[in-house]
Amino acid sequence: MVDTRSGAVGRLVETTASAVVLEPLTPGPEWTVPAAHARAATPEEVAAALAE
């Protein structure tokens with residue numbers, strides 16, 4: 001998933017009616033994203049996030 005506010009890519013951990021919780025693909029804290037600002041990541045975005 002991508003947080004469209006920042007471009008950060010993360011794994012979906014939890015969903016609610018209005019938000020999703022993502023965890024980064026590399027070590028780091030989870031964060032909450034309003035559902036309107038989350039979308040599926042492309043393979044290229046995932047690869048770039050893992051390369052960072």
Could you list the donor-acceptor pairs under 3.5 angstrom formed between side-chain atoms of residues 25-40 and any protein atom two or more places apart in sequence or on another chain?
{"residue": "W31", "atom": "NE1", "partner": "D3", "partner atom": "OD2", "Å": "3.0"}
{"residue": "R39", "atom": "NH1", "partner": "E45", "partner atom": "OE1", "Å": "3.1"}
{"residue": "R39", "atom": "NH2", "partner": "E45", "partner atom": "OE2", "Å": "2.6"}

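Remark: T16 engages E14, S18, A19 in a side-chain contact (heavy atoms from CB on, under 4.5 Å) (not counting sequence neighbours). Partners of A48 according to the side-chain contact (heavy atoms from CB on, under 4.5 Å) rule, which considers only residues two or more places apart in sequence or in another chain, do not exist here.
When hydrophobic residues (I, L, V, M, F, W, Y) are linked wherever their side-chain heavy atoms come within less than 4.5 Å, the members clustered with V13 are V21.
Exactly one residue among V46, T15, V9, L22 makes a side chain to side chain contact (heavy atoms under 4.5 Å, CB included) with M1. That residue is L22.
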